[in-house]
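First up is the structure itself, then whatever we jot down about it.
Residue numbers start from 1 in every chain, and the chains themselves are labelled A, B, ... in the order their sequence lines are given, proteins ahead of strands.
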Amino acid sequence: MNTMEIEKKWQKYWEEHETFKAMNNDSKKKPYYILVEFPYPSGAGLHVGHVRSYTAHDAMARMKRMQGYNVLFPMGWDAFGAPAEQYAIKNHIHPKDAVRENIHTFKNQMKTLGFSFDWDREFSTTDPEYYKWTQWQFLQFYKHGMAYKATMPVNWCPNCKTVLSNEDSAGGVCERCGTEVIQKEKSQWMLKMASYSEDLLKGLDDTHFAEKVKLGQINWIGKSTGVELDVEIVGGGKFSIFTTAIETIYGITFFVIAPDGKLIKELMPRVENKEEVEKYIEETAKKSAMARTELNKDKTGCIVKGIKAINPVNGKEVPVFLGDFVLGDYGTGAVMAVPSHDQRDFEYAKAHNLEMIEVISGGDTANHAFEKQDYLGKGCTLVNSEEFTGMTVEEAKEKITQKLVDKGIARKVNNYKMRDWIFSRQRFWGEPIPMIYCEHCGWVPMDEKDLPLLLPDVAEYEPTDTGESPLAKIEEWVNTTCPKCGAKAKRETDTMPNWAGSSWYFLRFMDPHNTKEFASMDAMKYWSKVNWYNGGMEHTARHLLYARFWVQFLYNIGLVPHKEMIDIRVSHGMILGSNNEKMSKSKGNVINPDDIVKEYGADTLRVYEMFMGDYQQDVAWNVDSLKGCNRFLNRIIKIGESINDQEGYKDQVLANKTIKKVSEDLVTLKFNTAVSALMIMLNEYEKYEDGITKDEYRLLLTLLNPIAPHITEELNEKYKLGNPICESAWPTYDESLTKESTKTIGVQINGKHRGEVEVTEEDTEETVKQKIEKIENIKKYINEKEIVKFIYIPNKIVSIIVK
RNA sequence: GCUUGUGUGGCGGAACUGGUAGACGCGCUGGACUCAAAAUCCAGUGAUAGCGAUAUCGUGUGGGUUCGAUUCCCACCACAAGCACCA
């Protein structure tokens, strides 16, 4: 059998018969939407890791179709982004052309693997028909007050004179030239994502994401509940701090404020050591976010002379410091410092020789801080805290808060780590942001009917020296007129991040050819939610959060039917090289799926990737194991020769239990045990001396079909077993026939396994006991001994205690 | 440091709600076929002792609960990933 030929043959058959076409509004069938993350079509081609998740969900989709569902299993391309731009610059071709080529390669590779994608719904985020709607949605954000311009720091390489992404500036140095990255202020578009913190947290309850995925999201949102407190400055003025440990308020010995915050700028006129303070601010500004947070040990800082703050509970006057561990954009940009009960404050106090006051008893505050994770819930009590002394921490927390709230100087608040989304990129290869700057009118949105705002078709897309987007150089594109007053105006030259296009593509798949809307409400209501969404673990925090934010916003303005449009999120484990390391060109351990398909065929690769291990766990590539799967398929072919002219199933239990196992495993991501169940079935068939029936063969082929679709169809046709499997119904099983009527169970004596006994459903404790007394090896353990206890758990075990 | 996950033969991995640990596959050993090899087929394969029936040990380590623990509880170790001065 020529695998290449039969694979081609069936791929053609599916294409001609539109076997995998999903129809919108098919009222006869239940909709079922299975989605795998659309890939970024890189120049390297499809990775065996892609093959793993695509095969897994392809198998699921194929089974669901046979079970009578209207399955939506789409594929597309996430083709904007820096890598395409870099590749284009290096190879001197337009990113558009590079992307087109790469998509072509990817698509061909996918086709040779026989994935049942509905190619009618294919699109790329770089298609103007698609990004028109990405731009349109940005305008909705803007019109609803959710998009604004703000000056934000960007990673800047002073040598390359270019803006770097966080990834390209890992470790605080430029990836290209190794120069230390600095922070440069730039005016950028922002989306008000932080205002959705609570909704994004609550929304998780309406999803069925894996627990670890939910936790990732919860961590990223980073909610903390505490108190915002007003602090008076000696000689007038005040500022606010945020704390989650108000119970330690009597332990305040100083305050620390952020060098990058607004507060220090306001206080500047009263500062006595201006030079020193300014120098420290400057030093901090030089540090990238990375460098700043990596400084884990040394607590740098600088006193702010001339400013003293008053502890509101006892009127104590304490000094104020600058410290770069306090962040300008979290909380209020200022903290109260209680060195006895916060390790960070403790280290700062040690480094700067500051006073410490213990206010919660039970810790060793001379050597390290006694922190809230250690004292909470342990019944610890307060000391040195006036009327609160002696109260438990929990009680004091409440009473102190109440007192401060009553005085009108404190408020209970929630803080979130999640910030607004920086939505501008100084790049060519992204969706242009459809905004125009007019000297008279300010920022003006483009008229919706003028969308899409196309990327100019020019040869220059290298970044500029000034850090502006390459678009800034293209004058005929930049210069336009104000949509409001008609005066001369300029376009925004930054583009969107590539998270933008991927934040709503799953909606577009529901209605990909719609020219009037991004997707019709009817189509979205019909498909309802993405039932399964599979993607890499690296996207479970950010991409998923962006996508949920985007959807929640669309929901709030009435454009999508559900607040959460993704129901289950799962992620696959990585495929490592045979040396157990991540596959990479430099390590030379990359496996190209094309080579495997050529040598063994697509079905072998598919079976192997499903069988290689737990789907959600990382696993190393193993050629021998791959060959084993090839052997399995060859035996499947060979056993066809033994078909006899009998009918039905010799072993009803085998048939029923295998149907059950495979049907369940394909929707619980246990693909490896599904394959193993089929191997067991084949092993049993091979033991039949008079061959197998057509029914038996057809069953095996049908159950294997979702994983190895080509060869099973071919054999089904060759032996005239019935209609093509992909057009047939999935087999059902009879629960009562999935178990043998007798079962061999273990016999334990004093907790040790001593033998086996065969039992039937009808057996009672008494009959089992009689059976056991006849077993040689067990007799010697019970004879002449007193049976203290006799336990028989039907279908499980016999356990005897003797003395 | 924090969070999460993982730890089972030579290897990838099975084991339902606590019930015969090691399914299935790979590898290895022996045999058949062959001039020979590959492929294929048959048998065996956790460790130790024994010709053998069988016995002892065995799911990262140390405890505990239980008639019975890979599974539950406590403490610890190792590895991986994510977050990382978040007040």
Whole-Å distance separating the [atom1] atom of [X] from the [atom2] atom of [N]:
{"X": "A:Lys687", "N": "B:C41", "atom1": "NZ", "atom2": "P", "value": "15 Å"}
{"X": "A:His753", "N": "B:G19", "atom1": "NE2", "atom2": "P", "value": "15 Å"}
{"X": "A:Asp329", "N": "B:C85", "atom1": "CG", "atom2": "C1'", "value": "14 Å"}
{"X": "A:Asp624", "N": "B:G10", "atom1": "CG", "atom2": "C1'", "value": "13 Å"}
{"X": "A:Asn672", "N": "B:A15", "atom1": "CG", "atom2": "P", "value": "8 Å"}
{"X": "A:Met681", "N": "B:C24", "atom1": "CE", "atom2": "P", "value": "15 Å"}
{"X": "A:Lys223", "N": "B:A87", "atom1": "NZ", "atom2": "P", "value": "13 Å"}
{"X": "A:Glu581", "N": "B:A81", "atom1": "CD", "atom2": "C1'", "value": "16 Å"}

Integer angstrom distance from the [atom1] of [N] to that of [M]:
{"N": "B:U59", "M": "B:G46", "atom1": "C1'", "value": "11 Å"}
{"N": "B:A75", "M": "B:G5", "atom1": "P", "value": "16 Å"}
{"N": "B:U45", "M": "B:C83", "atom1": "C1'", "value": "46 Å"}
{"N": "B:A49", "M": "B:G68", "atom1": "P", "value": "30 Å"}
{"N": "B:A21", "M": "B:U8", "atom1": "C1'", "value": "8 Å"}
{"N": "B:U66", "M": "B:U70", "atom1": "C1'", "value": "16 Å"}
{"N": "B:A43", "M": "B:C26", "atom1": "P", "value": "14 Å"}
{"N": "B:U17", "M": "B:G12", "atom1": "P", "value": "24 Å"}

Quick one: label [X] by what it contacts on the DNA or RNA (base, sugar-phosphate, nothing), any heavy atom closer than 4.0 Å.
{"X": "A:Asp614", "value": "sugar-phosphate"}
{"X": "A:Gly216", "value": "nothing"}
{"X": "A:Asp618", "value": "sugar-phosphate"}
{"X": "A:Lys752", "value": "sugar-phosphate"}
{"X": "A:Asn634", "value": "nothing"}
{"X": "A:Ser224", "value": "sugar-phosphate"}
{"X": "A:Thr540", "value": "nothing"}
{"X": "A:Lys417", "value": "base"}
{"X": "A:Lys670", "value": "sugar-phosphate"}
{"X": "A:Arg419", "value": "base"}
{"X": "A:Ile680", "value": "sugar-phosphate"}

Worked check of salt bridge (charged side-chain N to carboxylate O under 4.0 Å, His left out) between A:Lys771 and A:Glu758: CA-CA 8 Å; A:Lys771 281 184 187 176; A:Glu758 197 165 280; over 6 Å; no
Base orientation of B:G9, syn vs anti, 90° cut from 0: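 With its glycosidic angle within 90° of zero, B:G9 counts as syn.
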Please determine whether a side-chain nitrogen or oxygen atom of [X] lies at a distance below 4.0 Å from atom OP1 or OP2 of [N].
{"X": "A:Lys789", "N": "B:C67", "answer": "yes"}
{"X": "A:Thr673", "N": "B:A23", "answer": "no"}
{"X": "A:Tyr330", "N": "B:A87", "answer": "yes"}
{"X": "A:Arg754", "N": "B:C67", "answer": "no"}
{"X": "A:Asn683", "N": "B:G25", "answer": "yes"}

Residue met sooner reading RNA chain B from 5', once A:Glu756 and A:Val335 are mapped to nucleotides: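 Upstream on the strand: A:Glu756.
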Upstream residue (5' side of RNA chain B) when A:Ser676 and A:Tyr615 are each assigned their closest nucleotide: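 Looking at RNA chain B, the more 5' nearest nucleotide goes with A:Tyr615.
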Between [options], which nucleotide has the shortest distance from any of its atoms to the side chain of [X]?
{"X": "A:Asn219", "options": "B:U40, B:G19, B:U3", "value": "B:U3"}
{"X": "A:Arg631", "options": "B:G19, B:C26, B:A14", "value": "B:C26"}
{"X": "A:Lys796", "options": "B:C16, B:C67, B:G25", "value": "B:C16"}
{"X": "A:Ile801", "options": "B:G5, B:G12, B:C67", "value": "B:C67"}
{"X": "A:Leu215", "options": "B:G27, B:U56, B:U4", "value": "B:U4"}
{"X": "A:Gln617", "options": "B:U40, B:G5, B:C24", "value": "B:G5"}
{"X": "A:Leu327", "options": "B:C24, B:G19, B:A87", "value": "B:A87"}

What distance separates [X] [atom1] from [Y] [atom2], expressed to the nearest 0.5 Å?
{"X": "A:Tyr330", "Y": "A:Arg419", "atom1": "OH", "atom2": "CZ", "value": "8.0 Å"}
{"X": "A:Glu394", "Y": "A:Glu247", "atom1": "CD", "atom2": "CD", "value": "8.0 Å"}
{"X": "A:Leu682", "Y": "A:Ile639", "atom1": "CG", "atom2": "CD1", "value": "5.0 Å"}
{"X": "A:Phe239", "Y": "A:Phe255", "atom1": "CZ", "atom2": "CZ", "value": "5.0 Å"}
{"X": "A:Phe209", "Y": "A:Ser571", "atom1": "CZ", "atom2": "OG", "value": "11.5 Å"}
{"X": "A:Leu703", "Y": "A:Leu678", "atom1": "CG", "atom2": "CG", "value": "5.5 Å"}

My understanding is that a pair needs two contacts under 3.5 Å, Watson-Crick or G-U wobble. By that rule, which nucleotide pairs with [N]?
{"N": "B:A49", "result": "B:U54"}
{"N": "B:C72", "result": "B:G64"}
{"N": "B:G10", "result": "B:C26"}
{"N": "B:G18", "result": "none"}
{"N": "B:U40", "result": "B:A32"}
{"N": "B:U4", "result": "B:A80"}

Validation row: A:Phe325, A:Asp345 side chains within 4.5 angstrom (heavy atoms):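 Answer yes - side chains close enough.
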Stepwise ring pair (Phe, Tyr, Trp, His ring centres under 6.0 Å) check, A:Tyr600 with A:Tyr608: CA-CA 11 Å; A:Tyr600 300 96; A:Tyr608 170 58; 9.5 Å; no
Short N-O contact, A:Glu664 and A:Lys670, less than 4.0 angstrom: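 No, A:Glu664 and A:Lys670 are not salt-bridged.
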